[in-house]
Engineer: 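Mind looking over this structure? Questions follow.
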Amino acid sequence: MSRVLTVGAAQMGPIQLADTRTQVVERLIVLLRSGSAAGCHLVVFPELTLTTFFPRWWVDDLAEADRFYETEMPGQETRPLFDEARRLGVGFHLGYAELTPDGHRYNTAILVERDGSIVGKYRKVHLPGHSEHEPWRAFQHLERYYFEPGDGFAVHGAFGGVVGMAICNDRRWPETYRVLGLQGCELALIGYNTPIHYAPDPDQDRLQGFHNRLVLQSGAYQNGMWVVGVAKSGEEEGCALLGESAIVAPSGEVMAQCSTDGDELVVAEADLDLCANYKETLFDFDRYRRPEVYGRITAQRGPEVPAEVRSALDASVESGEERP
Ligand code: CDT
């Protein structure tokens, strides 16, 4: 049985503060219909798709930001997207801000099957940026104020394969792909909002596109999985966001990439059976991995220079030895 999945990366252009949910959902439906016309089984939308990237602003009380969160999914304004997906028989992936009935806030993504049922939910694990008000920045990145971290990476049996999700900053961490890969993930869906300007080190600004491809491609190759990275892009409330949404094969090759900073759909035929070419050869985990020497990966968070290395370095400095 063929396991060739036609996947659409549905990049969104900017969403301004004044844009309503209804307007955004109309744009999503246009992209969904384009995906349907292109034969897509699955259309992937970005992180925090339904609103502007609100963590760039400080509020004294989180409740002031409640309007940016979804308290139900689908809700009244998002239901037309679910209805249209079911009518077209096209599944989708959607990122949004989630406010639970008991008051927890998450940066969340869901996977919706072609019958409109939610088959998986993921809450972002790696929350970047800061939690304090830092008004000196051109724009802030307050995800660590607005959200709690999720508790792990799961996979789901959907679309004829093993599908996982991650969100934006997660894509920069090899642990993300590996934990998914260790569950046999064949297709990882990753929405993002990546400001081109990085205030702590602006030297990285010119490298945003390169770093995006670097992590998507290496994550795909090293785990033998398809990776779909989808941006919200363009000039959003004075903040330039990276586009370059891409569909990457298990070979690490980019099979499709957006070329604009607006609403744009690119499509690829993702043969899930291609994953085995990598999972059963170079990256045959069961045969070649050595978890017994990887203990540090889960035992510690930050780097710890071993004491003997530290004291040897200190001694060489004290003795006036020249450094290279
Ligand atoms: N949304 C998100 O996770 N963006 C981050 C930017 C981090 S800069 C504070 C990213 O990794 O693209």
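In this chain, numbering begins with 1 at the start of the sequence shown. All figures in this text were calculated on a predicted structure; none of them were measured in a lab. Remember, it's 1-based here, ligands and their atoms both numbered in the order they're listed. These numbers come from the heavy atoms of this one structure, side chains and all, not from hydrogens, waters or symmetry mates.
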Engineer: Rest of the hydrophobic cluster containing Y146 (Ile/Leu/Val/Met/Phe/Trp/Tyr, side-chain heavy atoms under 4.5 Å)?
Structural biologist: L17, L48, F53, F54, W57, W58, V59, L62, F68, Y69, L99, L127, L142, Y145, F147

Engineer: CD of Q300: more than 12 outside heavy atoms within 6.0 angstrom?
Structural biologist: yes

Engineer: In terms of residue, atom name and distance, what is the protein heavy atom nearest to atom 6 (C) of ligand 1?
Structural biologist: H141 CE1, 3.7 Å

Engineer: For K124, take its heavy atoms, then give the atoms of ligand 1 lying under 4.0 Å from any of them.
Structural biologist: 1 (N), 2 (C), 3 (O)

Engineer: Need the ligand 1 atom indices (1-based, order shown) with element for anything under 4.0 Å from a heavy-atom of C168.
Structural biologist: 1 (N), 2 (C), 3 (O), 4 (N), 5 (C), 10 (C), 12 (O)

Engineer: Can you list the atoms of ligand 1 that are under 4.0 Å from a heavy atom of P128?
Structural biologist: 2 (C), 3 (O), 5 (C), 7 (C)

Engineer: Would you find more than 12 non-hydrogen atoms of other residues, nucleotides or ligands less than 6.0 Å from D314 atom CG?
Structural biologist: yes

Engineer: Is it true that the side chains of R123 and T100 contain a donor and an acceptor less than 3.5 Å apart?
Structural biologist: no

Engineer: Pull out every atom of ligand 1 sitting under 4.0 Å from any heavy atom of R172, numbered as shown with elements.
Structural biologist: 10 (C), 11 (O), 12 (O)

Engineer: Quick one: sort the Y221 and Y278 rings into parallel, tilted or perpendicular, breaks at 30° and 60°.
Structural biologist: perpendicular

Engineer: Could you tell me which atoms of ligand 1, counted from 1 in the order shown, lie closer than 4.0 angstrom to a heavy atom of N169?
Structural biologist: 3 (O), 10 (C), 11 (O)

Engineer: Are the side chain of R289 and the backbone N or O of D286 linked by a donor-acceptor pair below 3.5 Å?
Structural biologist: no

Engineer: Show which atoms of ligand 1 fall inside a sub-4.0 Å distance from at least one heavy-atom site of T194.
Structural biologist: 10 (C), 12 (O)

Engineer: Within less than 4.0 angstrom of ligand 1, does R171 place any heavy atom?
Structural biologist: yes

Engineer: Could you point out which residue of Q16, E236, E237, K232 forms a side chain to side chain donor-acceptor pair (under 3.5 Å) with T52?
Structural biologist: E236

Engineer: Under 4.0 Å from a heavy atom of E143: give me the atoms of ligand 1 that qualify, with their elements.
Structural biologist: 1 (N), 2 (C), 3 (O)

Engineer: Need the ligand 1 atom indices (1-based, order shown) with element for anything under 4.0 Å from a heavy-atom of Y198.
Structural biologist: 8 (S), 9 (C)

